[in-house]
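Some notes on the structure that comes next.
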Amino acid sequence: MPAQRFDRESVLDAALGLVRERGYDALSTRAVAERAGCSVQPIYSLFGDMEGLMQALYEHARAWVTAFNEEHAGDGENLFESNGLAHLRLAREEPLLFAFLYLSPYLDTRNLDELYRSVSQPGVEECIMELGHLDAAAAHELYLNMIVYTHGLAVMLCAGADIPDDELADRVFIAFQAFAIAVGGSPKESR
């Protein structure tokens, strides 16, 4: 019988499934190999060691979230709102994956500028410029403030808080209004 070949994608998919079900602390080469249907040898051959697997898995998980965000791109009234709602939905629906991506050392950001570069989404800053009647620098500042604020709500959801969606949307809207005024914008009056 010929030896089975295991590729990076299938091993990463197996590891991602484990993270989503049990959390990243439950990962081991043995657990990933069992889920992937292989021995531990292909994991070492493909990733070098467990840390190599974890780094590759982090990028794989980020790609999964990008697809998740794209699936939910129409959930809000605009790209900015949809992006924030998707982050909150991820925290509520995928708390273990959320913890791996945003509450683990694998996020590896040392300041807010790095955080912004890591989590900002294409087109959102331009959407904020239009919504808040802001220049690029002010929109950037508002977006960073909203990332921090929305992430705080998301962490509460990840920890099990049962905040209704309409209350979350209201809080995000109020925060946007306040941050827009703080950076010199003139946001719309109502949702």
Side-chain angles (χ1 to χ4, degrees), residues 1-76 79-124 147-148 150-163 165 168:
M1 174 182 251
Q4 239 181 334
R5 302 229 1 123
F6 296 93
D7 63 11
R8 287 178 66 84
E9 192 77 14
S10 62
V11 172
L12 290 171
D13 285 343
L16 182 61
L18 286 170
V19 168
R20 292 175 67 197
E21 292 169 18
R22 297 190 228 161
Y24 72 96
D25 288 335
L27 289 182
S28 67
T29 52
R30 185 171 306 284
V32 173
E34 185 176 299
R35 173 60 68 95
C38 65
S39 70
V40 297
Q41 185 53 45
I43 295 170
Y44 290 117
S45 296
L46 292 167
F47 303 100
D49 58 14
M50 192 62 188
E51 189 55 32
L53 172 63
M54 294 303 286
Q55 293 298 330
L57 176 59
Y58 187 82
E59 293 308 316
H60 189 69
R62 286 179 55 99
W64 188 95
V65 169
T66 297
F68 180 88
N69 288 341
E70 288 170 2
E71 284 177 37
H72 297 284
D75 286 1
L79 183 59
F80 166 71
E81 186 176 59
S82 294
N83 182 248
L85 292 174
H87 191 66
L88 296 172
R89 181 187 304 274
L90 179 71
R92 180 175 283 163
E93 294 178 4
E94 297 280 350
L96 298 172
L97 178 58
F98 182 91
F100 174 57
L101 287 167
Y102 304 112
L103 304 175
S104 78
Y106 296 100
L107 179 58
D108 192 30
T109 57
R110 291 172 290 285
N111 58 54
L112 291 177
D113 287 334
E114 286 182 8
L115 176 69
Y116 183 89
R117 284 190 300 276
S118 176
V119 303
S120 62
Q121 298 294 310
V124 173
I147 286 170
V148 172
T150 305
H151 186 68
L153 291 173
V155 169
M156 288 186 264
L157 295 173
C158 181
D162 190 21
I163 304 167
D165 288 342
L168 289 169

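Just the heavy atoms: all of them, side chains too, but no hydrogens, waters or symmetry mates, feed the values below.
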*Only one of L107, D108, L101 passes side-chain contact (heavy atoms from CB on, under 4.5 Å) with S118; say which it is.*
L107
*Charged N to carboxylate O under 4.0 angstrom, D75 versus R89?*
yes
*Any chance the side chains of N69 and T66 put a donor and an acceptor closer than 3.5 Å?*
no
*Would you check if D165 and L88 make a side-chain contact, meaning some heavy-atom pair closer than 4.5 Å?*
no
_A91 to A154 - nearest heavy-atom pair and separation_ = CB-O, 3.2 Å
*Apply ring pair (Phe, Tyr, Trp, His ring centres under 6.0 Å) to Y116 and list each qualifying residue two or more places apart in sequence or on a separate chain.*
H140, Y143
*Not counting sequence neighbours, which residues clear ring pair (Phe, Tyr, Trp, His ring centres under 6.0 Å) with F68? List them please.*
W64, H72
*For N111, what residues pass the side chain to side chain contact (heavy atoms under 4.5 Å, CB included) criterion, not counting sequence neighbours?*
D113, E114
_What I'd like to find out is whether the side chain of L12 reaches to under 4.5 Å of the side chain of L53, using heavy atoms alone._
yes
*Could you pull out all residues at least two apart from E59 that satisfy side chain to side chain contact (heavy atoms under 4.5 Å, CB included)?*
R62
*Looking at S82 and G74, what are the two nearest heavy atoms and their distance?*
OG-C, 3.9 Å
_All side chain to side chain contact (heavy atoms under 4.5 Å, CB included) counterparts of P95, not counting sequence neighbours_ = C158
*Do the rings of Y106 and Y24 sit parallel, tilted or perpendicular, given the 30° and 60° boundaries?*
perpendicular
*Is E93 salt-bridged to R20, cutoff N-O under 4.0 Å?*
no
*Rounded to the nearest 0.5 Å, how far apart are CZ of R8 and CD1 of I43?*
12.0 Å
*Quick one: list whatever passes ring pair (Phe, Tyr, Trp, His ring centres under 6.0 Å) with F98, sequence neighbours left out.*
H87, Y102, H151
